[in-house]
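Naming convention: chains lettered A, B, ... in sequence-line order (proteins, then strands); numbering from 1 in each chain. None of these values were measured; they are calculated from a predicted model.
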Number of protein chains: 2
Amino acid sequence: MGTVTKALELLDLFTRERALIGLSDLARLSGLNKATCFRMMTEMQGLGLVEQAGPSKAYRLGPAVLRLAALREAAVPTRDAAMPVVQVLARETGETAHLSHIVGPALRTLAFAYSSAHGTRVMMEDADLLPYHATSSGLAVLAFLPDTVVDSLLATALPAFTAATVTNPADIRARLATIRATGWSETHATFEADVRSVAVPLFGASGACTGAIAIAAPAARVTPALHARMVAGLMRAGADITTLWGGQLPPAVKAAWAIAA
Amino acid sequence: MGTVTKALELLDLFTRERALIGLSDLARLSGLNKATCFRMMTEMQGLGLVEQAGPSKAYRLGPAVLRLAALREAAVPTRDAAMPVVQVLARETGETAHLSHIVGPALRTLAFAYSSAHGTRVMMEDADLLPYHATSSGLAVLAFLPDTVVDSLLATALPAFTAATVTNPADIRARLATIRATGWSETHATFEADVRSVAVPLFGASGACTGAIAIAAPAARVTPALHARMVAGLMRAGADITTLWGGQLPPAVKAAWAIAA
DNA sequence: TGCATATGGTTCATTATTTGAACCGTTGGT
DNA sequence: ACCAACGGTTCAAATAATGAACCATATGCA
């Protein structure tokens, strides 16, 4: 493995719950030697990518990442462009809408919006990781990813997050076939209990799948009428965002969405 | 130089004007070998830090930086926290206010706000680089940085951006002494013609200077009364943001600002 | 048409950097 | 006073980075 990859995987250890990490923890979590971690963190600190904070000298992400993100959004306004669509979707359905994005090998939440229609709602957090096999967004993306990616994912051990999580590769493959035909995916308490979620895939300029947009609601609230509105809204939002991103819907998806609408 | 530093300096070549860079250009701009660049970019691509786009296979910043920025903002809401203060400052003075931040060896614009009071205003851009010796923000920061940093900067050749730019190290040192005493800095058309600008430094948790906040106005509009309001507003804003960032004013600055207020 | 010169990407012997066990000096708890 | 954990440092040994030369391809030009 390259040195750069190791250093940047160190950055991936930072999460919302674990914003500060000490040197020893960093070494334990990454499996790298403490000296290696130290040299890398020192180097990245010099570039402003991380900084040391607090009473101990624990590390956290530094201000340089803000500059990089500002430049990325200036070049490719992924998030800013899609945000209004996500908000409209949340308002029209009265439920939580969220947008996710393939980053490296994982699917991450990029943006989300709540509705104020109900006192209870499904909560989200930015930059969270979504498992492919247990979320509607994950399945929507997986259905339109190359077979090689699907094969290698299904070859690994799939964790069960709830009693309802589907972990059998054959069952998942069957669901993917359905999703390819209908153009949307659905899960039922497979990631979090009592949550029902529907998603559609999003596509980039080359026609490859780059992410998904989804709506998540408390299961008890999802009537057939609401479900229909969710699917219809997602198809429109999916087409809109794909256009905003300069992407192109695969013919099969375009046909599936046109028939349903 | 470490490999990680080289790779991340590659990322620093991306700017707003040059969002897409091809492999050969990357090698030329960085001075690194083409094979080295290729390997590093491939590695960073695997992590989503950069991606290849367009008809040619030019590189640009990838979606992973958005995730890192989201986590940084969650841990330390630098920009979000400071933004209202910058906006109030712009509204109260009727001029352009901007916040800058030390990132590695350079000073970068992090946020700015315009006022709608006048038809003409000083324009800004996010993530722009501010030269230390020719801007009020730069001088404000420099005055509170360690002597070693000042020495090494003044040892380099300082470019003149206008006829009024001060490039003589001795003259700059004299101005820094004044700034240390008063707690604020000022420039007169030293970076852009007809622009007059006032700034105060900002400080981090350790008491070290981490950035500056400034107001820039067309020179003709700066009356003594407005100038006084600018300085007073900046001092309040500087104290507020330093607090918001969990920072601490050095005693000397606290004293200077208290006396002036 | 063919020549010249770009481009992104690849190879492999040479070289320089990374690596990690063991080591400091401090700190905080018992 | 002790112990264990912390952040940080060292240096011979091992590994990964390096770069000149090399493809295949595409573009501009006469």
Within the pair Q45(B) and dG9(C), is there a side-chain N or O less than 4.0 Å away from OP1 or OP2? no

Salt bridge (Lys or Arg N to Asp or Glu O under 4.0 Å) partners for [X], two or more places apart:
{"X": "R60(B)", "answer": "E51(B)"}
{"X": "D25(B)", "answer": "R28(B)"}
{"X": "E192(B)", "answer": "none"}

Minimum heavy-atom distance between [X] and [Y], given as atom pair plus value:
{"X": "A82(A)", "Y": "L99(A)", "value": "CB-CD2, 3.5 Å"}
{"X": "F14(B)", "Y": "L71(A)", "value": "O-CD1, 3.3 Å"}
{"X": "A75(A)", "Y": "A19(B)", "value": "CB-CB, 3.7 Å"}
{"X": "C209(A)", "Y": "P201(A)", "value": "SG-CB, 4.0 Å"}
{"X": "P159(A)", "Y": "T167(A)", "value": "O-CG2, 4.0 Å"}

Outer limits of DNA chain D sitting under 4.0 Å from a non-hydrogen atom of chain A, read 5' to 3', are dC6(D) to dA17(D)

Check each of H98(B), R79(B), R108(B) against D126(B) using the side chain to side chain donor-acceptor pair (under 3.5 Å) test, and report the only one that passes. R79(B)

Y59(B) OH - dG8(C) P separation (whole Å): 8 Å

F38(B) CZ to dT11(C) C1': how many Å, rounded? 12 Å

Report, as yes or no, whether the 6.0 Å neighbourhood of atom NZ on K254(A) holds more than 12 heavy atoms from other residues, nucleotides or ligands. no

Degree of bending, the helix from dT1(C)-dA30(D) to dT30(C)-dA1(D) (end axes from five pairs; round to 10°): 50°

Readout for nucleotides 13-30 of chain C: B = base within 4.0 Å of protein heavy atom, S = sugar-phosphate only, - = neither; 5' to 3' it is ----SSBBB---------

